[in-house]
Amino acid sequence: MPEQCDPSPYDALLLLSFGGPEGPDDVVPFLENVTRGRGIPRERLKEVGQHYFLFGGVSPINAQNRELLDALRSDLAENGLDLPVYWGNRNWAPYLTDTLRTMVHDGHRRIAVLATSAYASYSGCRQYRENLADALATLQAEGLPTPQVDKLRHYFNHPGFVRPMVDGVLASLAELPQDVRDGAHLAFTTHSIPTAAADTSGTPGDHTPGGEGGAYVAQHLDVARTIADAVRAETGVDHPWRLVYQSRSGAPHIPWLEPDICDHLEEQHAAGVPAVVMAPIGFVSDHMEVKYDLDTEATAKAAELGLPVARSATVGADPRFAAAVRDLLLERAATERGGTPERCALGALAASHDLCPVGCCPARAPRPAAAGADWRGPVAEAPA
């Protein structure tokens with residue numbers, strides 16, 4: 001097999017995602033999984049679940065992951081890689097532990113993992129690694145072989161992730177009325193997180209005190225700037241832009257990243273901006289946060305203001321993203337075999353690290369996290 005098409009030592013790829021309910025009866029149990037250990041009353045979860053009930057209790061994320069799964073399998077097959085692709089979720093079926101158990105029974109022992117989160121943060125990286133560690137501990141407690149799992153690097157600045165978003169912004173600009181198009185503002189959106197978590201995101205060298213946002217904010221800013229530059233090169237128009245946030249869910253007294261997208265729309269309207277393109281660069285697919293917080297809530301706010309808006313598409317199952325995953329897989333495989341492959345990245349920041357170092361995106365309380373420099377194998381017993 002040619003070196004550039006060799007996935008060894010990996011014998012399988014795991015698509016690891018968040019999960020979501022697939023019917024009204026699933027909503028509260030799903031939210032209980034998401035919030036386990038936080039002591040949130042069931043009645044409060046029913047209130048939170050109203051976003052899902054507006055869509056029949058079905059999150060779009062599972063259907064989108066099935067589409068991505070098909071795209072990954074097709075891309076690998078079309079490029080001569082006979083590598084099975086599995087799918088597991090953190091918070092709903094198919095559950096991560098069940099999928100890993102199936103993979104082990106199928107004979108897989110060296111597994112590359114793609115998480116559907118492109119940026120560094122506790123919830124977007126280390127928490128996935130903690131879930132992997134928990135799943136491996138469960139397999140060990142069941143007497144099963146524990147495979148080695150390696151999480152593929154952050155892909156926020158990979159061309160296969162960025163260029164589809166450039167096209168999405170260009171398409172959204174074209175949707176706006178011609179008389180407001182050139183003056184449109186670009187609002188690049190991502191999930192808000194507590195400022196304390198943002199400040200400790202990334203490697204210890206990325207950490208920033210005082211609400212500066214660490215690697216989480218820096219990576220998003222770099223992607224936003226890269227897209228804005230590409231739009232200017234394509235259209236000849238220099239659109240003003242800003243990184244804004246959505247989907248805050250924490251207690252009011254805890255500082256989270258701001259401004260919120262709805263507040264930002266109000267500010268832009270008051271400043272006389274004629275139109276806004278909302279570009280959800282922090283999300284891989286058009287899941288519930290995009291469908292509700294942007295397509296429903298923010299769009300309603302814009303209509304109330306009389307402000308023309310368009311919302312650009314996420315990457316989803318774009319063939320360029322599937323090809324990027326193949327690239328990430330082969331890049332990591334070559335590294336594991338002792339090579340030094342070229343690592344594709346756009347923007348000012350370098351390609352991300354392969355192995356999360358000690359102190360990367362630290363947890364609130366220490367827990368084992370697989371696929372990192374501090375991982376020493378499964379704990380002796382499965383966690384309660």
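What you see is a predicted model, and the numbers here were worked out from it, not measured in a lab.
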Task: Minimum-distance pair of heavy atoms, taken over all atoms of Leu329 and Leu76 - done: CD2-CD2, 4.3 Å
Task: Pair Ser247, Glu289: side-chain N/O donor-acceptor within cut-off below 3.5 Å - done: no
Does some side-chain heavy atom of [Y] sit less than 4.5 Å from a side-chain heavy atom of [X]?
X      : Y      : answer
Leu349 : Phe156 : yes
Ile227 : Trp241 : no
Leu294 : Phe283 : no
Glu258 : Asp263 : no
His105 : Leu144 : yes
Arg326 : Asn79  : yes

Task: Between His220 and Phe188, ring centroids under 6.0 Å - done: no
Task: Euclidean distance, Phe30 CZ relative to Leu45 CG, rounded to 0.5 Å - done: 11.0 Å
TODO: Drop me the distance from Asp260's CG to Thr189's OG1, to the nearest 0.5 angstrom.
DONE: 10.0 Å
- [ ] Answer yes or no: are there more than 12 heavy-atom neighbours, outside Gln50 itself, under 6.0 Å from its atom CD?
- [x] yes
Ignoring hydrogens and angles, write down the donor-acceptor pairs under 3.5 Å from the side chains of residues 15-23, residues two or more places apart or on other chains.
| from | atom 1 | to | atom 2 | distance (Å) |
| --- | --- | --- | --- | --- |
| Ser17 | OG | Asn65 | ND2 | 2.9 |
| Ser17 | OG | Thr116 | OG1 | 2.8 |
| Glu22 | OE1 | Arg66 | NH1 | 3.3 |
| Glu22 | OE1 | Arg66 | NH2 | 3.3 |
| Glu22 | OE2 | Asn62 | ND2 | 3.3 |
| Glu22 | OE2 | Arg66 | NH2 | 3.0 |

TODO: Show your working on side chain to side chain contact (heavy atoms under 4.5 Å, CB included) between Glu297 and Lys301 and close with a plain yes or no.
DONE: CA-CA 6 Å; Glu297 191 173 50; Lys301 171 58 70 175; over 6 Å; no
Task: Any pair counted as side-chain hydrogen bond (donor to acceptor under 3.5 Å, both in side chains), so long as it reaches residues 152-174, sequence neighbours left out - done: Arg153-Glu331, His158-Asp327, Asp167-Arg320
